[in-house]
Protein chains: 2
Amino acid sequence: MKDQDGSITADDVAVLAGVSRWTVNRAYKKEASISVKSREKVMKAAETLGYVPDLLATSLATDRTNLVALLVDDFANPHKLVMMERLTRILRKSGYDTLLVNTSDEEDASAALLNASQRRVDAAVLIGVSFNDQSLEAALGAKRVKKLIVFARMSGNDNTISICCDDSASMTALTQYVFSAGYRNPVFIAGPQTQSAHLQRKEVFLSQWERTAGKRPDFLPVGSYDPKMAYDLIAKTFRGLAKSELPDVLVCENDALAMGAIDAIRYELGLQVPGDIAVTGFDDVPQAASPHYELTTYRQPLTDMAKALVDVLEGKSNSKDLNTFLGRLVTRESA
Amino acid sequence: MKDQDGSITADDVAVLAGVSRWTVNRAYKKEASISVKSREKVMKAAETLGYVPDLLATSLATDRTNLVALLVDDFANPHKLVMMERLTRILRKSGYDTLLVNTSDEEDASAALLNASQRRVDAAVLIGVSFNDQSLEAALGAKRVKKLIVFARMSGNDNTISICCDDSASMTALTQYVFSAGYRNPVFIAGPQTQSAHLQRKEVFLSQWERTAGKRPDFLPVGSYDPKMAYDLIAKTFRGLAKSELPDVLVCENDALAMGAIDAIRYELGLQVPGDIAVTGFDDVPQAASPHYELTTYRQPLTDMAKALVDVLEGKSNSKDLNTFLGRLVTRESA
DNA sequence: TTGTAGGCGTTATCAT
DNA sequence: ATGATAACGCCTACAA
């Protein structure tokens with residue numbers, strides 16, 4: 001045994017087990033040519049010494065960290081918690097650890113990406129939205145992040161792998177539901193308007209609705225995916241308006257906005273949901289099911305998406321456009 | 001320039017800058033004896049090559065990773081999101097990165113601790129609650145986690161550093177407020193009952209109330225800090241009871257439980273909050289301020305606590321009992 | 001099956 | 001101020 005705590009290396013185990021250091025390391029490899037007896041000896045010695053292989057040294061030697069950086073820029077949205085839970089759990093099951101990187105007070109994600117690259121993460125996964133494609137591209141080009149993955153969002157950037165719901169399919173389903181439920185005067189509540197706006201839920205809804213109903217709806221951009229901001233904006237925008245001037249449904253880009261919207265309709269406008277104004281969301285966060293919201297929304301297949309992420313990490317998935325999933329509409333009382 | 005992407009080392013920079021490899025590394029150290037000119041040359045060369053120091057190799061050589069593991073076992077509680085945001089941001093500002101470890105499906109945290117130790121984290125921070133002191137102690141003894149910190153919870157374990165609100169002071173304040181607001185028949189809604197139950201909020205409340213009102217209140221343990229579980233339990237427990245049999249206030253161990261309680265009172269029991277049953281929480285999560293909950297609760301000074309964590313990491317704080325903070329009561333409409 | 005070099009990219013320490 | 005040696009703990013590739 002060595003002197004201090006925690007400095008037990010393969011060498012120490014080798015001595016105790018009476019084998020060479022390399023045999024010790026081999027004992028920890030799945031398909032290594034090593035005799036059962038040797039492995040047993042090694043494992044027993046390791047057990048008594050409290051030895052565990054050092055992942056730092058392993059990573060340095062193999063150029064593989066089994067580390068994934070999760071970049072999150074928006075902690076007001078409860079769906080982030082759901083995604084983090086799912087991702088960390090499934091990544092862990094596949095042997096990956098997760099670096100949680102908070103990019104909420106940075107202009108763009110490139111500084112965070114740089115930092116992650118210094119830790120040699122196997123991939124950086126963006127669960128945020130306020131990134132812009134250009135800075136991403138720059139970061140990806142210059143730095144050494146091996147893979148850049150945009151999760152739960154489409155990305156227009158070709159160097160990026162996007163794992164997400166098909167915005168077109170999901171919003172089309174939502175549009176059809178809203179229309180066939182009889183609503184005729186929707187307003188779309190959008191999140192922050194980033195530069196790469198193509199393919200967004202907003203665009204799909206506006207054009208789909210126009211095609212269906214013959215009129216392009218208005219939309220309201222909220223500064224961030226924060227229920228409070230949605231609340232304030234909706235209160236300010238619609239307060240004092242006559243019923244005839246109000247929309248009959250607010251189609252929200254996600255549940256965070258929708259929950260703020262519902263509260264504002266009830267507590268600021270003094271109106272009923274869905275009686276006066278209906279509301280739809282996107283994500284199906286846990287709170288959406290509560291009797292207070294009863295939110296009609298769209299659920300993404302997070303587990304499948306997380307598994308797809310693992311496939312991408314392990315190089316099993318190559319074609320970039322296969323990582324588009326279909327979720328399902330969850331209809332409740334809010335619309 | 002070397003061949004592939006991302007494999008630029010200090011050697012490459014050294015060649016381009018016309019200095020030795022060690023000078024390159026020195027250029028990145030704050031107080032290193034290096035000439036301004038050399039540093040400039042190095043930085044310029046690094047810039048054109050896109051060199052950044054490798055943190056993996058640094059950690060291996062220095063035995064300091066600047067990595068902190070955050071163990072979280074409960075993703076249904078929105079306060080976790082708040083804590084994660086605050087901690088990651090403040091840790092980052094001090095040069096630490098955060099490993100997010102999901103321990104929600106593990107019996108105890110020791111397996112997660114083992115894994116973190118293999119990455120040589122500088123510290124493991126527990127933001128969960130369903131740990132038991134014994135397994136922690138075992139893990140701390142056997143493995144090489146340098147520091148084990150329990151955040152936002154008291155811990156009875158001496159080998160553990162606890163950074164939290166003073167449960168006694170906070171619950172006393174809450175107790176006094178509830179009593180002086182005229183409530184006389186409280187029930188405490190508790191979280192999972194772990195082994196080390198001493199010093200918990202529940203105990204403080206029960207004994208404080210007994211001292212004040214002369215009667216030890218009942219309490220109801222919920223299986224996890226999940227609003228839904230609180231909702232179900234409260235619905236099941238109180239449904240069909242006569243008004244005289246109902247409590248007049250539910251003192252909840254945290255906001256997650258309180259929010260479930262409020263929903264259950266309104267939507268399952270058909271009663272008013274606070275008119276029929278009042279509710280208090282703990283944490284002051286963002287949702288607590290919404291007009292729907294208007295929750296009377298207790299806010300912890302998270303930023304100060306996070307800074308204290310940094311102090312502990314940097315060895316500036318030694319005495320274990322100084323890391324107890326005072327928060328403040330936030331009174332709203334729910335009680 | 002087992003042992004041996006050499007290397008991963010950095011830092012501590014000593015020498016110049 | 002700068003250069004050089006050894007070490008951090010492990011892995012790949014090769015030799016025995």
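No experiment lies behind these values; they were computed from the predicted model shown. Values below: every heavy atom of this structure, side chains too, minus hydrogens, waters and symmetry copies. Note on naming: letters A, B, ... go to the chains in the order of the sequence lines (proteins, then strands), and numbering restarts at 1 for each one.
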- Query: Is there a donor and acceptor pair, one atom on the side chain of B/W22 and one on the base of D/dT5, closer than 3.5 Å?
  - Reply: yes
Winner on side-chain proximity to A/P53, out of D/dG9, D/dC10, D/dG3, is D/dC10
To the nearest angstrom, the CG-P distance between B/L55 and C/dT11 comes to 9 Å
Point to revise | A/R89 and A/E85: CA distance, side-chain angles, deciding distance, salt bridge (charged side-chain N to carboxylate O under 4.0 Å, His left out) verdict | key: CA-CA 6 Å; A/R89 187 153 44 78; A/E85 196 283 325; 2.7 Å; yes
Which of C/dC8, D/dC8, D/dT2 is nearest the side chain of B/R26? It is D/dT2
To the nearest angstrom, the CG-P distance between A/D63 and D/dC10 comes to 18 Å
Between CG of B/D11 and P of C/dC8 the distance, given in whole Å, is 9 Å
Computed from five pairs at either end and rounded to 10 degrees, the angle between the axes of the helix from C/dT1-D/dA16 to C/dT16-D/dA1 is 40°
query = Do the charged groups of A/D122 and A/K147 touch, with an N to O distance under 4.0 Å?
reply = no
Any side-chain N or O of B/S38 under 4.0 Å from OP1/OP2 of D/dA1?
-> no
* Would you classify B/I34 as touching base, sugar-phosphate or nothing, given that sugar-phosphate means primed atoms plus P, OP1 and OP2, and contacts are heavy atoms under 4.0 Å? => sugar-phosphate
Strictly below 4.0 Å: does A/Y28 bring a side-chain N or O up to OP1 or OP2 of D/dG9?
no
Determine: side-chain N/O of A/S20 to OP1/OP2 of C/dG3, distance under 4.0 Å, yes or no. yes
Which of D/dC10, D/dG3, C/dA12 is nearest the side chain of A/D54? It is D/dC10
Nearest-nucleotide check on DNA chain D, B/T23 vs A/A61; residue mapping nearer the 5' end is B/T23
Separation of C/dC8 atom P from B/L60 atom CG, nearest Å, is 14 Å
When rounded to whole Å, the OH to C1' distance for the pair B/Y51 and C/dG9 reads 8 Å
Please check if the distance between the ring centroids of B/Y225 and B/F75 is under 6.0 Å. no
Separation of C/dT13 atom P from B/R21 atom CZ, nearest Å, is 17 Å
- Message: C/dT1, OP1 or OP2 - any side-chain N/O from A/K37 closer than 4.0 Å?
- Response: no
From CG of A/D12 across to P of D/dC8 the rounded distance in Å is 11 Å
- Would you tell me if any nitrogen or oxygen in the side chain of A/S35 comes within less than 4.0 Å of OP1 or OP2 on C/dT2? yes
Taking D/dC10, D/dT12, C/dC8 as options, the one with an atom nearest any side-chain atom of A/K29 is D/dT12
Query raised in the report: Has A/T62 got a side-chain N or O lying under 4.0 Å from the OP1 or OP2 atom of C/dC8?
Result: no
Taken to the nearest whole Å, CZ/A/R64 to P/C/dG7 is 24 Å
